[in-house]
Amino acid sequence: MKYVYRKHAIKWFFLLPCLGYLILMGIFPLAWSLSLSFTRWLGTIMEKPEWTGLTNFRDILFKDPRFWSTLWFTVRFVFLAVVIQLGIGLGMAYLLHNNFRGRNFFRVLFLIPMACPPIAVAFLWKMMLHPDIGVINSAFQMIGLAKVKWTTSVVVAPFTIVMVDVWEWTPFMFLALLAAFQALPLEIYDAAAVDGASNFQIFRRITIPLITPVIVTIVLIRVIDAFKLFELVFGITSAGPANATESLSFYVYLTGIKWFDLGKGAAMSWIFLLIVLGISLLLLSRFRKNI
Amino acid sequence: MCKKLIYVSLVVFCLLAPMALSASSAEVNFKGRTLSILVNDTHVQVVDAWKPLWERETGGKINVILVPYMGLSDKMWIEFRTKSGTFDTAAIPSTWLGDVAGGGHVVELGPLLEKYGYPDWDDILPAIKVITKWAGKTVAFPYDGDNHMTYYRKDALEVPEYQQKFRQKYNYDYHMPPKDWDEVRDIAEFFNGWDWDKDGEIEYGVAFIAQQKTQAQWEILNLIAQYATKAGPSSNTTSNIFFDADTMEPLCNTPGWIEAFTRIQELTKFAPPGLLGYGYAEFRFAYVSGLAALGFDWGDVGIMEQYPDEYGSKVKGKLGYGPLPGAKKYWDHVNKKWVEKEHQVNFLNFGGWVWIIPKATKNVDMAYHWVTYITNPDRSLLDACGIHGYTGVNPFRKSHFDPAVIGLWERGGWDPDAVKGYQKAIVDILTDPYAVTDLRIPGCEKYYDALDTRLAGVLAGTTTPEKACADLYDDWVRITDEYGKESQKRYYRESLGLK
């Protein structure tokens with residue numbers, strides 16, 4: 001009896017620091033922000049929060065059109081960015097999977113964007129895309145093309161954000177898919193070749209099904225990450241023009257941090273979390289059917 | 001005998017000088033202590049300029065916490081809420097004082113002013129003194145005088161040939177600077193899209209800050225000040241543009257505001273293609289690079305104009321300065337009618353940057369010393385006149401305009417005539433007792449974000465001025481309700497100087 005007790009005590013002794021850390025840094029802030037979301041706390045002028053129940057959630061969901069417009073932009077951004085990144089990443093991985101001269105050089109080259117800090121990427125692109133003095137428009141002019149309002153047109157600016165995100169995160173897709181390609185068993189390909197399958201058939205019927213688990217994983221990771229779109233909006237467009245590129249996380253930042261409306265900011269964060277969780281579960285369940 | 005006297009004097013001087021020096025540095029001794037300063041990119045040059053001297057003279061160390069403008073409030077509020085003593089003093093926009101001082105986060109300076117004294121308080125311009133107070137108490141140090149003014153290209157507007165062509169087209173002679181927004185529109189249209197300075201490049205009619213979240217709201221307020229009120233002692237009907245001071249009803253859905261939105265929307269047609277990407281930095285660089293005939297900004301453009309090397313100025317000596325353009329009518333919101341009258345209203349956009357000391361700091365004495373050190377008449381003049389380059393500091397003391405110090409402005413790169421025009425434009429506005437004061441109530445950032453957002457829609461052409469103003473009205477009503485209508489009314493009336 002004493003031995004069992006001691007065995008358990010030792011286990012708990014080793015577990016406790018981790019648990020403590022988890023509770024302190026993970027569970028407690030979550031619980032705290034959840035409790036905050038049921039309060040009114042204008043942090044700039046109110047010393048303490050006031051309990052208001054579900055008022056924040058009601059106001060956000062039913063009285064705040066800006067919440068819905070930022071959510072709509074974010075969803076469109078995520079869909080476009082992730083689909084394009086997957087497409088290009090797949091193509092690049094397929095190309096660089098084959099042996100050719102200089103393959104390693106290209107592999108390293110393609111990884112550079114991902115290694116850059118997002119905020120640096122944002123400011124770099126902001127300068128390059130400047131409608132008047134940006135290097136891209138200057139190059140366009142030199143070859144006789146018209147200047148593009150990359151960041152100042154409500155139509156073009158959302159695509160600009162997608163474009164920069166694609167530039168930055170396609171290497172992630174590429175890297176993961178390249179690893180998946182290289183892990184594929186060659187015997188199956190040999191057998192398919194013997195059976196007379198074309199390259200497209202091999203790709204469609206063998207390669208894609210085999211790498212689907214990897215695709216599911218990286219798409220999920222990217223969807224969750226892309227939903228948190230912030231730095232590019234902050235650095236390139238400041239959510240403009242006319243809020244055309246305001247993402248949900250940027251709006252949460254404005255509410256909770258910039259205006260210090262802590263109650264509403266917390267409620268918005270929780271809604272945000274539930275949306276991302278919901279979409280992730282939906283994606284997972286749909287993909288699971290195909291795995 | 002004379003020689004002897006000189007020798008004795010020299011010996012006495014040599015003996016006393018070090019004592020005098022040590023006495024001055026013995027006044028304060030911050031050795032072993034560090035002062036943390038929160039400052040944004042625009043003002044870091046001031047800190048960099050005085051930091052070595054201050055450290056040498058006081059023995060203290062300075063830790064600079066540098067953040068971009070957009071990150072300034074985040075950093076500040078987190079400190080105010082956590083009271084962790086991250087910084088000991090910060091330079092912030094005076095428009096934030098509604099929340100900052102209204103929320104009780106900063107040290108009241110009255111007792112400190114009495115205890116330590118202040119370098120020539122009477123030298124501060126009256127309009128600037130106003131922005132350092134909240135609820136009748138001094139809560140911030142003056143540091144910068146801010147108001148928008150008109151900039152125009154003399155090499156465009158003063159050319160007789162162009163003046164004649166303008167007269168033929170519009171049937172009148174324009175003023176320099178333009179007298180009202182009708183003239184601004186016509187001048188902008190006239191000088192738009194052709195190479196009027198013959199540098200081989202296309203120029204445009206007008207430029208201003210238009211990018212979202214980069215202070216564009218202060219551009220529309222230049223027009224609103226003309227069309228939504230008339231100048232006079234602060235009251236509900238005069239020099240008041242934001243709310244009905246009796247009911248706290250937003251005035252932003254009145255015809256005066258709609259007129260202003262309509263006019264600024266029209267001006268975008270005569271602006272450079274990248275206008276909507278012009279934050280304050282982009283605008284200033286574009287304007288001093290010679291891109292537009294007219295511009296509206298704080299005094300910063302004038303400073304950057306003087307530096308061809310540092311800021312790529314191609315307009316040194318080519319700029320004229322003046323007050324904001326007026327209007328031919330204004331909306332009387334009480335009697336709900338247009339009043340046809342040529343008039344002009346000055347507006348204290350932004351009010352100016354001020355230094356504050358957070359309550360949580362343990363280094364109040366150091367912070368106080370630092371701020372009074374850099375803002376004393378002599379040092380602040382060097383920051384304002386251009387000797388330290390572009391510092392974000394505009395004149396805020398009477399002595400900055402003293403003809404006796406014109407030589408320092410010249411050392412700052414100014415032409416003597418140009419500096420007189422520049423100073424006149426600023427001092428006329430800052431000494432105007434009827435100048436409209438900026439919004440200074442709790443939630444100011446929220447109100448202004450809403451204005452900025454609606455303005456962005458108008459500038460981008462995605463919404464009409466009428467719709468933008470109606471939406472803005474709803475936004476402002478909601479924000480006022482969030483903060484409490486009665487308390488907001490009280491604060492607003494107080495900010496206007498009303499009982």
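Each chain gets a letter, A, B and so on, in the order its sequence line appears, and its residues count up from 1.
If you measure heavy-atom distances from B:Gln211 to chain A, the contacts under 4.5 Å come from the side chain alone. Heavy atoms closer than 4.5 Å to chain B are found in the side chain of A:Leu254, but not in its backbone. The contact between B:Leu291 and chain A is made entirely by side chain atoms (from C-beta outward), counting heavy-atom distances below 4.5 Å. Interface remark: A:Asp59 contributes no atoms to any contact with chain B (heavy atom separation under 4.5 Å). Contact of A:Leu129 with chain B is not made at all, since no heavy-atom distance falls under 4.5 Å. Heavy-atom distances place no part of A:Thr255 under 4.5 Å from chain B, backbone and side chain included.
The residues B:Asp471 and B:Lys467 are annotated as salt-bridged, a charged nitrogen and a carboxylate oxygen being separated by less than 4.0 angstrom. Under a 4.0 Å N-O distance rule, the pair B:Asp475/B:Arg478 qualifies as a salt bridge. With respect to the salt-bridge test (charged N to carboxylate O, under 4.0 angstrom), the residues A:Glu47 and B:Arg81 qualify. Comment: B:Glu108 does not engage B:Lys359 in a salt bridge, judged by the lack of any side-chain N to carboxylate O separation of less than 4.0 angstrom. Ion pairing of B:Glu482 with B:Lys446 is present here, as a side-chain N (NZ or NE/NH1/NH2) and a carboxylate O approach within less than 4.0 Å.
In this structure B:Phe285 satisfies the ring pair (Phe, Tyr, Trp, His ring centres under 6.0 Å) test with no other residue, sequence neighbours excluded.
Highest contact tally toward chain A, considering only B:Gly461, B:Pro272, B:Gly443, B:Pro273, is held by B:Pro273 [criterion: heavy-atom pairs under 4.5 Å]. Comparing A:Arg66, A:Lys149, A:Glu246 by how many heavy-atom pairs each has under 4.5 Å with chain B, the most go to A:Arg66. No other option in A:Ile45, A:Leu42, A:Thr44, A:Asp132 has as many heavy-atom pairs under 4.5 Å with chain B as A:Thr44. Ranked by heavy-atom pairs under 4.5 Å with chain A, the first of B:Asp99, B:Val100, B:Ile78, B:Thr463 is B:Asp99.
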task: Take B:Gln212 and A:Ser238, measure what side chain to side chain donor-acceptor pair (under 3.5 Å) needs, and give me the verdict at the end.
output: CA-CA 6 Å; B:Gln212 206 172 327; A:Ser238 304; over 6 Å; no
